[in-house]
Amino acid sequence: MSETPYRYTAELAGQIEVAWQDRWEEQGTFRAPNPAGPWADPAGVAEHPGGHLLVLDMFPYPSGAGLHVGHPLGYIATDVYARYNRMLGRNVLHCLGYDAFGLPAEQYAVQTGQHPRKTTEENITIMARQLRRLGLGHDDRRAIRTIDPDYYRWTQWIFLQIFDSWYDPEAERADGGTGRARPIAELVEEYRGGARPTPDGRAWDDLSHTERAALLDARRLVQSVEAEVNWCPGLGTVLANEEVTNEGRSDRGNYPVFKRNLRQWVMRITEYADRLADDLDRVEWPEKVKTMQRNWIGRSQGARVTFAVDAGEGAGIEVFTTRPDTLFGATFMVLAPEHPLVETLVPEGGWPEGTKDAWTGGAATPAEAVAGYRAAAAAKTDAERQDEGKAKTGVFTGGWAVNPVNGARVPVFVADYVLMGYGTGAIMAVPAQDERDWDFAAAYALPVVRTVRPPEGHDESTAYTGDGPAMNSANDEVSLDGLGVAEAKERIIGWLEAEGLGEGAVTYKLRDWLFARQRYWGEPFPVVFDEDGIAHGVPEDQLPVELPDVPDYSPKVYDPQDAHSEPEPPLARDHEWVTVELDLGDGRGPRTFRRDTNVMPQWAGSCWYYLRYLDPANDAALVDPENEAYWMGPRPEPVAGAPAGTRDPGGVDLYVGGVEHAVLHLLYARFWHKVLHDLGHLASGEPFRTYFAQGYIQAPAYTDARGQYVEAGEVEEHVDDDGRQTFTHGGAPVSREFGKIGKSLKNMVSPDDMYAAFGADTFRLYEMGLGPLEQSKPWDTRAVVGSQRFLQRLWRNVVDEETGALRVVDTPLDDATTRVLHRTVDAVRTDFGSLGFNTAIARLTELNNALTKLEGGVPREAAEALVLMVAPLAPHIAEELWARLGHDRSLVYQPFPVADPGLLVDDTVTCVVQIKGKVRDRIEVPSDIAEDALRELALARPKVQEATAGGVRTVIVRAPGLVNVVPA
RNA sequence: GCGCAAGUGGCGGAACUGGCAGACGCGCCAGGUUUAGGUCCUGGUUCCUUCGGGUGUGCGGGUUCGAGUCCCGCCUUGCGCACCA
């Protein structure tokens with residue numbers, strides 16, 4: 001029998017933790033009242049005079065491997081923040097659901113031969129157990145799952161809202177801007193009423209069924225387009241641009257991706273490019289993430305200019321340029337190899353007059369040269385094109401164009417440094433002011449005309465891309481000479497527009513969002529096709545379109561290198577499901593349709609889950625508007641750092657998650673949110689007002705002599721004679737590195753092990769105490785014991801380890817401890833409010849240690865305050881101690897301790913006396929000492945006297961803490 | 001190549017607007033408790049030192065009475081972008 005049966009061991013911690021988790025669940029402790037909807041509880045809402053707070057974690061994906069110790073970091077942080085805010089009297093909504101559709105689950109299911117629903121649900125069960133054991137204060141009623149028909153019914157509903165919308169760039173918005181999504185029905189009304197003429201002028205009612213559909217489909221925010229897409233044979237599906245890595249491989253699975261022209265569904269996110277870029281000013285996000293989104297959107301301002309072509313009539317080559325001011329320096333043109341005009345430019349027969357040898361690529365005719373170059377370019381992936389470095393290659397097309405500003409004949413080249421996917425796929429080349437064009441000009445002996453005067457000392461063998469006065473830039477009608485870049489741009493655009501040669505223009509790097517996947521495990525499209533191939537949304541009252549339980553859910557995958565394979569969705573194999581009789585409610589009665597066999601990408605479910613959290617049981621709307629306005633509506637004040645005059649867009653109060661979703665999820669969700677806002681479904685204009693990018697926990701991983709990872713748990717550590725650490729695995733030396741926790745580095749550490757060895761509270765405290773939340777930090781299981789010691793001391797300050805009796809005393813706190821207590825309260829409040837949990841823990845540790853050293857037991861006042869302050873971090877032990885201290889209600893809604901400002905300053909402070917900036921002496925002085933008095937006191941000190949024997953040059957006094965004496 | 005972060009003890013990290021560098025924790029050292037080990041408790045722990053002090057926040061300069069903090073130039077690491085016209 002142990003002498004300390006009431007010691008706070010991992011075992012006791014476990015008992016306490018599970019008991020409180022049960023109690024919280026039974027009592028619905030963390031259920032946040034809603035103002036409206038099926039769970040309307042206005043009285044409950046009114047009980048929170050402190051207002052409301054919506055705290056959100058990134059939607060977790062239930063992986064088959066279970067959680068590792070890196071996963072809970074953000075969940076713990078938001079839980080601490082949420083619990084702290086509950087104690088401030090706020091109505092806090094915090095919950096967690098599961099993003100459970102998607103590729104990994106499907107891949108896993110295919111591998112194991114089990115249905116993805118089965119494996120997914122098993123994974124959710126495991127993860128839910130692991131998370132529950134952490135003691136997160138989640139509203140358990142709101143744990144939604146994307147794979148549930150009650151959920152994806154609304155995913156499909158949102159899809160239909162977007163499908164049935166068009167973007168009206170002229171429409172005014174409530175926020176004063178122009179451009180917003182409107183229901184397609186309004187477009188129909190405009191056509192029908194004549195407010196908007198049809199392209200050929202016929203009346204709407206005279207158009208055929210298919211003609212009308214074509215007109216509307218061209219305007220919808222979801223469109224089926226024939227476009228160059230990313231085809232991934234290894235996954236058997238097409239992918240969005242955002243899902244393809246820089247190396248031209250799939251984000252998931254790392255398979256090769258090929259460019260293919262295919263007809264596919266896209267969401268017209270490009271219509272929102274400006275707003276997605278501009279509204280970043282209105283949210284509080286890490287600047288890094290805002291920059292990533294801005295780069296991805298890639299907005300650039302410039303002009304479109306048309307160059308007439310020698311050969312054919314009309315057409316001409318349209319280029320986009322950000323430097324229209326340099327038009328006079330355009331000495332040649334370049335088209336992307338895929339550019340459709342290339343063929344029309346190539347003359348029959350041999351090389352035209354003026355062709356230089358370097359331009360021909362050694363071919364006998366332009367046709368041969370161009371065909372050869374295009375074939376070679378087509379055979380390369382984007383990655384291969386880039387791998388070849390910056391060396392410029394290309395061939396002359398044999399065609400000539402005319403520079404519209406000076407009539408100069410300029411040769412037209414094809415070169416793969418111009419990309420078909422950006423701008424118009426054609427450029428005017430201005431070697432003097434563009435490095436790439438300079439390189440090309442140098443390689444192909446093309447002329448260079450400087451049109452911006454470089455500064456003194458500029459290397460004449462390079463392009464000059466900076467600002468400066470224009471030169472060589474005048475014709476009979478317009479002169480830019482002497483103007484700076486900005487003014488020159490403005491003037492030339494004015495002239496181009498007046499002459500009908502071009503116009504100011506904006507282009508974006510952002511492409512429309514390819515939305516369909518030829519896989520099984522996702523939301524089916526709520527779309528059917530009629531006998532004319534026209535797409536119709538499934539009527540709302542017939543949602544959800546349930547994912548059928550097909551016998552063969554494996555996607556048709558191919559050799560990953562087989563670029564010419566074709567996507568084949570698994571749903572297409574279920575002929576019974578594909579063919580359906582429906583009444584669309586359009587007065588034509590039930591008819592036979594063919595279902596769309598694509599499924600939505602994984603992002604679909606995670607684009608709006610935070611909205612469903614607000615009202616998960618609502619079957620009349622995706623969220624009751626009053627609930628959305630309450631939890632997410634705009635706040636009176638804009639976020640910190642927003643430009644003057646900014647209106648708050650609303651959104652989640654705190655969103656915590658990894659930065660890996662900086663462009664994908666965060667951009668898609670903003671897009672959907674804005675569409676729903678435009679259509680009047682949401683009061684908020686942004687989903688995430690404040691986003692905090694957390695760091696990762698890294699764990700040691702070990703490689704053997706061959707560079708292979710070995711199981712980290714089997715590695716032995718040694719210290720050699722020099723005190724250096726060495727590591728061995730099975731006797732053989734291995735080397736250590738730190739990396740992402742997971743199977744591939746064989747360095748998995750499970751929270752389950754931490755629960756067993758220390759308890760959840762210790763684990764929580766350790767993760768929060770490691771360092772700043774935004775930083776990546778190494779995991780060290782051996783150091784966890786420090787957090788356990790803290791809780792053991794806390795426990796011992798309240799409970800006798802031998803008898804289990806209460807140890808606190810009902811004597812008043814001494815003055816010094818009172819001041820320590822109040823200073824701790826003050827510091828901890830500041831730290832909790834700014835997610836500074838590591839420093840909060842340091843302060844609590846100091847207080848705890850101070851109480852430990854008190855003679856004669858810990859006064860109740862201090863013990864209770866400490867328990868309350870520890871509660872957000874280590875809620876179970878805090879609840880247990882609170883109960884043992886005689887309280888019969890949970891401390892979750894207890895007011896957080898308040899510091900008395902009068903107790904934050906001491907009566908006396910230690911003043912530092914410096915001589916020439918070096919600390920030489922200290923004096924105890926009253927904290928309200930006057931400057932002059934302090935100066936006298938300092939100058940009278942023997943050490944100062946000694947140092948200033950030769951006189952005093954100056955004395956700096958910063959009462960009451962510092963005096964710096966500078967001897968002459 | 002361009003852009004953005006960050007470099008502080010053996011380790012993770014503290015340090016508000018320039019004002020006692022190293023809070024708190026791990027590890028390590030010493031002492032106490034214990035038959036012993038572990039636990040727990042107390043103290044110590046930048047480096048050098050002739051024990052007076054000197055030195056010290058990636059490197060080199062600068063501003064200042066005073067610099068981890070501000071300025072200039074480098075180095076290293078991490079992240080993002082990378083022919084985007």
Side-chain angles (χ1 to χ4, degrees), chain A residues 2-4 7 9 246 286-289 291-292 294-296 298-300 302 319-324 326 330 334 336 382 385-386 388-392 415-419 421-430 433-437 439-440 507-510 659-660 662-663 693 719 723-725 765-766 769-772 774-787 789-790 792-793 796 801 827 830 836 838-846 848-849 852-853 910-922 953-958 961-967:
Chain A
S2 151
E3 290 169 39
T4 52
R7 186 170 171 69
T9 58
N246 287 330
E287 210 43 54
K288 183 173 96 164
V289 177
T291 305
M292 284 166 73
R294 287 198 189 99
N295 287 344
W296 189 261
R299 173 165 57 188
S300 50
V319 301
F320 173 76
T321 176
T322 55
R323 293 294 301 276
T326 64
V334 183
D382 283 1
R385 281 193 191 184
Q386 279 172 32
E388 287 168 21
K390 311 273 182 204
K392 298 287 178 291
D416 64 5
Y417 83 92
V418 172
L419 309 175
Y422 184 77
T424 63
I427 62 159
M428 63 176 209
V430 187
Q433 275 84 229
D434 184 287
E435 284 163 19
R436 298 153 301 179
D437 296 346
D439 293 345
F440 193 84
T507 52
Y508 305 89
K509 210 174 91 180
L510 181 70
V659 76
E660 73 268 24
V663 278
V719 179
R724 263 191 291 267
Q725 285 178 306
L765 202 63
Y766 174 70
L770 256 183
E774 66 272 22
Q775 254 174 51
S776 287
K777 296 146 290 205
W779 176 264
D780 181 8
T781 302
R782 282 183 316 179
V784 180
V785 70
S787 303
R789 286 180 193 147
F790 169 81
Q792 282 175 335
R793 271 196 288 271
R796 223 171 12 242
E801 289 187 336
T830 306
N838 55 327
T839 46
I841 289 169
R843 304 310 293 263
L844 291 168
T845 308
E846 283 176 312
N848 193 34
N849 290 346
T852 304
K853 284 172 196 163
T910 305
C911 176
V912 184
V913 181
Q914 298 182 332
I915 293 165
K916 262 187 95 181
K918 303 228 178 270
V919 180
R920 285 295 125 93
D921 203 1
R922 293 187 166 80
R953 193 163 106 210
T954 180
V955 181
I956 287 103
V957 184
R958 294 283 176 272
L962 180 136
V963 178
N964 188 9
V965 180
V966 187

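A gap of 12 Å separates the P atoms of B/G56 and B/A21, to the nearest Å. Of the C1' atoms belonging to B/C72 and B/G80, the separation is 26 Å, rounded to the nearest Å. The P atoms of B/G62 and B/A67 are separated by 13 Å, rounded to the nearest whole Å. If you take atom C1' in B/C16 and the same atom in B/G12, they sit 23 Å apart, rounded to whole Å. To the nearest whole angstrom, the two P atoms, one in B/G53 and one in B/C59, are 26 Å apart. Nucleotides B/G37 and B/U49 have their C1' atoms positioned 38 Å apart, rounded to a whole Å. If you take atom P in B/C20 and the same atom in B/C70, they sit 16 Å apart, rounded to whole Å. One C1' atom belongs to B/U46, the other to B/G10, and the distance between them is 11 Å to the nearest Å.
Other residues, nucleotides and ligands contribute more than 12 heavy atoms inside 6.0 Å of the CZ atom of A/R294.
No contact: A/R843 has no heavy atom under 4.0 Å from any strand. The residue A/R299 sits apart from the nucleic acid: no heavy atom pair falls under 4.0 Å. Counting any heavy atom pair closer than 4.0 Å across all strands shown, A/T424 reaches no nucleic acid atom. A/N838 comes within 4.0 angstrom of sugar-phosphate atoms only, judged by non-hydrogen atoms across all strands, and of no base. Contact annotation for A/R920: backbone-only contact, meaning every heavy-atom pair under 4.0 Å involves sugar-phosphate atoms and none involves a base. Residue contacts for A/A783: at a heavy-atom cut-off of 4.0 Å it reaches the sugar-phosphate backbone alone, with no base atom in range.
Mapped onto RNA chain B by nearest heavy atom, A/V663 and A/T910 fall at different nucleotides, with A/T910 at the one closer to the 5' end. Toward the 5' end of RNA chain B, the nearer of the two residues A/T291 and A/K288, judged by each one's closest nucleotide, is A/T291.
Here B/A82 presents its C1' atom at 14 Å from OH of A/Y422, a figure rounded to the nearest Å. Atom-to-atom, OH of A/Y508 to C1' of B/C81 comes out at 20 Å; the value is rounded to the nearest Å. The CD-C1' distance, from A/E660 to B/C79, rounds to 13 Å in whole Å. Regarding A/D434, its CG atom lies at a distance of 13 Å from the P atom of B/C83, rounded to whole Å. Rounded to an integer number of Å, the gap from A/D439 CG to B/G1 P is 15 Å. Atom-to-atom, CG of A/N295 to P of B/C81 comes out at 8 Å; the value is rounded to the nearest Å. Between the CZ atom of A/R294 and the P atom of B/C4 there is a distance of 14 Å, given to the nearest Å. Between the C1' atom of B/G27 and the OH atom of A/Y766 lies a distance of 12 Å, rounded to the nearest Å.
Under the Watson-Crick and G-U wobble criteria, each requiring two contacts below 3.5 Å, nucleotide B/C70 is paired to B/G62. In this entry B/G22 has no Watson-Crick or G-U wobble partner, no candidate having both defining distances under 3.5 Å. With a cut-off of 3.5 Å on both Watson-Crick or G-U wobble distances, the partner of B/G3 is given as B/C79. Of the nucleotides present, B/U45 is the one that pairs with B/G27 by Watson-Crick or G-U wobble criteria, both distances under 3.5 Å. The base-pairing partner of B/C40, taking Watson-Crick or G-U wobble contacts with both distances under 3.5 Å, is B/G32.
The nucleotide whose nearest atom lies closest to any side-chain atom of A/Y417 is, among B/C83, B/C24, B/A14, B/C83. For A/Q792, the side-chain atoms get nearest to B/C40 when compared with the rest of B/C40, B/A14, B/G19. Listed nucleotides: B/C20, B/U39, B/C26. Nearest to the side chain of A/R7: B/U39. Considering only the side chain of A/K777, B/G13 comes nearest among B/G27, B/G13, B/A85. When distances are taken from the side chain of A/L770 to each of B/G12, B/G80, B/G25, the shortest belongs to B/G12. When each of B/C40, B/C83, B/G13 is scored by its nearest atom to the side-chain atoms of A/Q775, the top-ranked nucleotide is B/G13. For A/S300, counting side-chain heavy atoms from C-beta on, the closest listed nucleotide (B/C26, B/G43, B/A85) is B/A85. Closest approach to the A/E846 side chain among B/A85, B/C41, B/C24 is made by B/C24 (side chain taken as heavy atoms from C-beta onward). Taking every side-chain heavy atom of A/R789 into account, B/C26 is the closest of B/C20, B/C26, B/G80. Side-chain proximity of A/T322 to the nucleotides B/G25, B/G12, B/A85 is greatest for B/A85.
Base orientation at B/G62 is anti, since its O4'-C1' glycosidic dihedral falls outside 90° of 0. Its glycosidic angle being more than 90° from 0, B/G53 falls on the anti side.
Expressed to the nearest 0.5 Å, how far OH of A/Y508 lies from OG of A/S300 amounts to 9.0 Å. Taken to the nearest 0.5 Å, the CG atom of A/N848 stands 13.5 Å off from the CZ atom of A/R789. For the atom pair CD (A/Q433) and OG1 (A/T321), the distance works out to 10.5 Å, reported to the nearest 0.5 Å.
Here the side chain of A/D921 pairs no donor or acceptor atom with the backbone of A/V912 at under 3.5 angstrom. Panel note: side chain A/D437, backbone A/V430; a donor-acceptor pair is recorded below 3.5 Å. In terms of modelled atom types and a separation under 3.5 Å, the side chain of A/K916 and the main chain of A/Q914 share no donor-acceptor contact.
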- Message: A/I841 vs A/F790, test: side-chain contact (heavy atoms from CB on, under 4.5 Å). Steps then yes/no.
- Response: CA-CA 10 Å; A/I841 289 169; A/F790 169 81; 5.8 Å; no
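Scanning both residues, A/A693 and A/V659, for their nearest heavy atoms gives CB-CB, 4.3 Å.
Between A/Y766 and A/W779, the ring centre distance stays below 6.0 Å.
In this structure, A/K392 satisfies the cation-pi test against A/Y417, with its NZ or CZ atom closer than 6.0 Å to the six-membered ring centre and inside 45 degrees of the ring normal.
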If you restrict it to nitrogen or oxygen atoms, what contacts under 3.5 Å exist between nucleotides 60-71 of chain B and the protein, and what is each distance?
residue : atom : partner : partner atom : Å
B/C65   : O2   : A/N964  : ND2          : 2.2

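With hydrogens and angles ignored, a donor-acceptor pair under 3.5 angstrom links the side chain of A/R922 to the base of B/C20.
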